[in-house]
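Here the structure comes first, spelled out in structure tokens, and everything after it is commentary.
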There are 2 protein chains.
Amino acid sequence: MTTIKDISKHVGVSVSTVSRALNSSGYVSPEVKRKVMAAAEELGYIPNETARTLNTSISKVIGVLVPDITNPFFPKIIRGIEDAALEKGYRIIIGNTDHDAEKEKKYVEMFHQNNCLGIISATWSIDGPGANSRIPIVLLDRVVDDSISVQADHYKGGMLQAEHLIDSGATKILLIQGPDTYSSFVDRYNGALGTLKHNNIEFSILEYGPSADPMGNINDGIIRKYDGFICPNDLLAYRLLNFMYENGVEVPAEARVIGYDDLEFSKYVYPSLTTIRQPAYELGEKALKTLLEYKDGIVTDKRNFDVQLIKRNST
Amino acid sequence: MTTIKDISKHVGVSVSTVSRALNSSGYVSPEVKRKVMAAAEELGYIPNETARTLNTSISKVIGVLVPDITNPFFPKIIRGIEDAALEKGYRIIIGNTDHDAEKEKKYVEMFHQNNCLGIISATWSIDGPGANSRIPIVLLDRVVDDSISVQADHYKGGMLQAEHLIDSGATKILLIQGPDTYSSFVDRYNGALGTLKHNNIEFSILEYGPSADPMGNINDGIIRKYDGFICPNDLLAYRLLNFMYENGVEVPAEARVIGYDDLEFSKYVYPSLTTIRQPAYELGEKALKTLLEYKDGIVTDKRNFDVQLIKRNST
DNA sequence: TAATATTATGGAAACGTTTCCATCAAGGAG
DNA sequence: CTCCTTGATGGAAACGTTTCCATAATATTA
């Protein structure tokens, strides 16, 4: 392992000069700089990030918290973050919290231990461990009080869901609630709810129970009582469609189903799923940029993204 | 930020004693140990991993390389790795290479910079940068010469694909090749090829072209020439099924399609996809365990996983 | 009783950087 | 000709650990 010291010996200057040459900080004569660069190349020098971090106590690592990377919505976000990060020389550590406050806490502690420069979190217990985090945090698709966040316009998304279902002829709608601890789910729920009420349409609500799986409350009887279904996300919609298919419910003739997220697979399920697209990749990108600015004390205001109805065959 | 030094002052012993007490290494009187632990708790001490890493030059971070986290096969693997890692106090940094040797090289260098303890890679240029990596590497679902690897029995997987298609009545089969730089794809291809030949069935091969997207060579004419399709993975099968649906080809009556991977969504596409399941999560778990053993000089031999036919409605 | 282990502790070096400070030469302003 | 700025360099401290070594007290063995 070649170090700065090896270079200093090789060139015949002090380590401080080498450091300055390598980082283009402070005064170094062009001549010496050239020699140092050449030596670094020749000796195959790779800077030791650990030492650098220890000294400056700021690493180039960013902690990313998601509920579960297995939900395809998150890999897309993560790619957005990662690609933007890589470009600026940062790297990310990912933690899956499984909505578990303990795991979340463990990860936040780990991020601290590693002197992470910041955290981007798509999951955050309301009064959770984030409260006493020393490092800057950007919330993703999640609004809590006065923290910095990047999100899509979910209220509008919910409105679009309800409007479209009504437009496509639904008369009795089941509004399926998502987890009520996430503002992104609460917003889309409220958006849909408001629109349903405003249009005086008949509807019921399937509350998000403690089981955390709405499909547990779905059965043949319930399904035949409605002709329109608003799902909190695409994943649930897939399962609902599957259930309907198996129970011989014709979609969209007898029942219309709308999802939320527009995962890549929504084109391929049967019938292809009408849904609300949110720009996951861009959300990730923006979150990273926001974090980087935020740590430098800059707070941009435009951090909201538009959502969009994607019409397919399930409505 | 409380450090070991703060604890040493607080208790009135030297830093070395504190270090020994905290790590239970070397001699420390029970009395002192108790006091140190109490002080650590009281002052909210969190060990600085960076300093520890600098000193020992081994961090608790493991680099993970995948082609693209957006393909749902990989998040599953990653969860396997991560869950196992977390349990043992390790964390992972993920890099998406997009099959790009440059990116791969960049990440490997980054892993070195961060003193990563090891690398788990599901993507590796044959004579790539791995060649001169100082840190231990475990290959995932990828066999290269004499390196340590963990993989599923893809040859058998390919055989199962072909066998099942024949059993389900296919008479003219199109075997779609995957990227020929990955042993996992080559093996399943060879498995299928061998079985097709052995059964004297009529078949053609759709080679993996430079475009890297077999769908580019699929058209209405080709589709109607065969009644059985062997896909290198589920993702491609989804798109093929979609294409058939749009072109009015009845599956499985007119054409049978089999995928590979058994992604979660294969249940939900239309028609639900018959495929080969490989135990992604377990593969990840095993890869981590293997890496941890390998770095300690232990090399286990049983690193192969069985695959399994999952029969659904596309055949 | 003397020699040797065993237990407990502290001092200091080391890991590889960055950065502050001191030194010194050369060039420009008065 | 002196004073001050600017450019170039090196020495050394600092970041927070771990670990080697030395010292000392106590316990064990011959």
Side-chain angles (χ1 to χ4, degrees), chain A residues 1-37 39-40 43-61 89 109-117 134-135, chain B residues 1-37 39-40 43-61 89 109-117 134-135:
Chain A
M1 199 57 213
T2 31
T3 72
I4 222 179
K5 214 169 168 180
D6 299 323
I7 300 182
S8 104
K9 273 187 201 147
H10 194 267
V11 178
V13 294
S14 72
V15 288
S16 24
T17 302
V18 175
S19 174
R20 276 185 310 247
L22 255 19
N23 298 304
S24 305
S25 65
Y27 293 119
V28 183
S29 73
E31 170 67 5
V32 169
K33 174 149 188 175
R34 202 187 45 70
K35 279 190 195 165
V36 168
M37 290 312 199
L43 302 175
Y45 170 71
I46 297 179
N48 183 321
E49 268 300 323
T50 309
R52 186 175 285 173
T53 300
L54 179 59
N55 187 279
T56 60
S57 56
I58 298 170
S59 87
K60 285 185 167 279
V61 174
E109 194 169 307
M110 178 185 295
F111 293 159
H112 273 94
Q113 288 188 335
N114 284 52
N115 290 102
C116 283
L117 155 163
R134 281 176 302 109
I135 38 186
Chain B
M1 199 57 213
T2 31
T3 73
I4 221 179
K5 212 169 167 180
D6 299 324
I7 301 183
S8 105
K9 274 188 200 144
H10 193 267
V11 178
V13 294
S14 74
V15 288
S16 25
T17 302
V18 175
S19 175
R20 275 185 310 248
L22 255 21
N23 298 305
S24 305
S25 65
Y27 294 116
V28 183
S29 73
E31 170 66 3
V32 169
K33 173 149 187 176
R34 203 187 43 70
K35 279 190 196 167
V36 167
M37 290 311 199
L43 302 176
Y45 171 72
I46 297 179
N48 183 321
E49 267 301 324
T50 309
R52 186 175 284 171
T53 300
L54 180 60
N55 187 282
T56 61
S57 56
I58 298 169
S59 86
K60 286 187 166 276
V61 174
E109 195 170 306
M110 178 186 294
F111 294 158
H112 274 94
Q113 289 189 335
N114 284 57
N115 289 101
C116 284
L117 153 163
R134 282 176 301 108
I135 37 187

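Values below: every heavy atom of this structure, side chains too, minus hydrogens, waters and symmetry copies. First the proteins, then the strands, lettered A, B, ... as listed; each starts at 1.
- The list of side chain to side chain donor-acceptor pair (under 3.5 Å) pairs with a residue in residues 52-61 of chain B, not counting sequence neighbours, reads Glu49(B)-Arg52(B).
- Taking OG1 of Thr50(B) as the start and CG of Asn114(A) as the end, the distance is 6.0 Å to the nearest 0.5 Å.
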Practice problem: Carefully, step by step, assess Val18(A) and Lys5(A) under the rule side chain to side chain contact (heavy atoms under 4.5 Å, CB included). | Solution: CA-CA 8 Å; Val18(A) 175; Lys5(A) 214 169 168 180; over 6 Å; no

Quick one, Cys116(A) with Met110(A), criterion side chain to side chain contact (heavy atoms under 4.5 Å, CB included). Give me CA distance, side-chain angles, the key distance, then yes/no. CA-CA 9 Å; Cys116(A) 283; Met110(A) 178 185 295; over 6 Å; no

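- Between Leu22(A) atom CG and Lys33(A) atom NZ the span is 8.5 Å, to the nearest 0.5 Å.
- Under the side-chain hydrogen bond (donor to acceptor under 3.5 Å, both in side chains) criterion, Ser16(A) pairs with Ser14(A), sequence neighbours left out.
- From Asn48(B), atom CG reaches atom CD1 of Ile4(B) across 10.5 Å, with rounding to the nearest 0.5 Å.
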Worked check of side chain to side chain contact (heavy atoms under 4.5 Å, CB included) between Glu31(A) and Arg34(A)
CA-CA 5 Å; Glu31(A) 170 67 5; Arg34(A) 202 187 45 70; 3.7 Å; yes

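- Residues satisfying the side-chain contact (heavy atoms from CB on, under 4.5 Å) test with Val32(B), not counting sequence neighbours, are Val13(B), Thr17(B), Val28(B), Ser29(B), Val36(B).
- Over its length, the helix from dT1(C)-dA30(D) to dG30(C)-dC1(D) turns its helix axis by 50°, as judged from the five terminal pairs at each end, rounded to 10°.
- For the atom pair Asp6(A) CG and Met1(A) CE, the distance stands at 9.5 Å (nearest 0.5 Å).
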A correct 5'-to-3' footprint of nucleotides 15-24 of chain C, with B, S and - meaning base, sugar-phosphate only and no protein heavy atom under 4.0 Å, is BBBBB-----

Are there any protein N/O atoms within less than 3.5 Å of an N/O atom in nucleotides 4-7 of chain C, and if so, which ones and at what distance?
from   : atom 1 : to       : atom 2 : distance (Å)
dT7(C) : OP2    : Tyr27(B) : OH     : 3.0

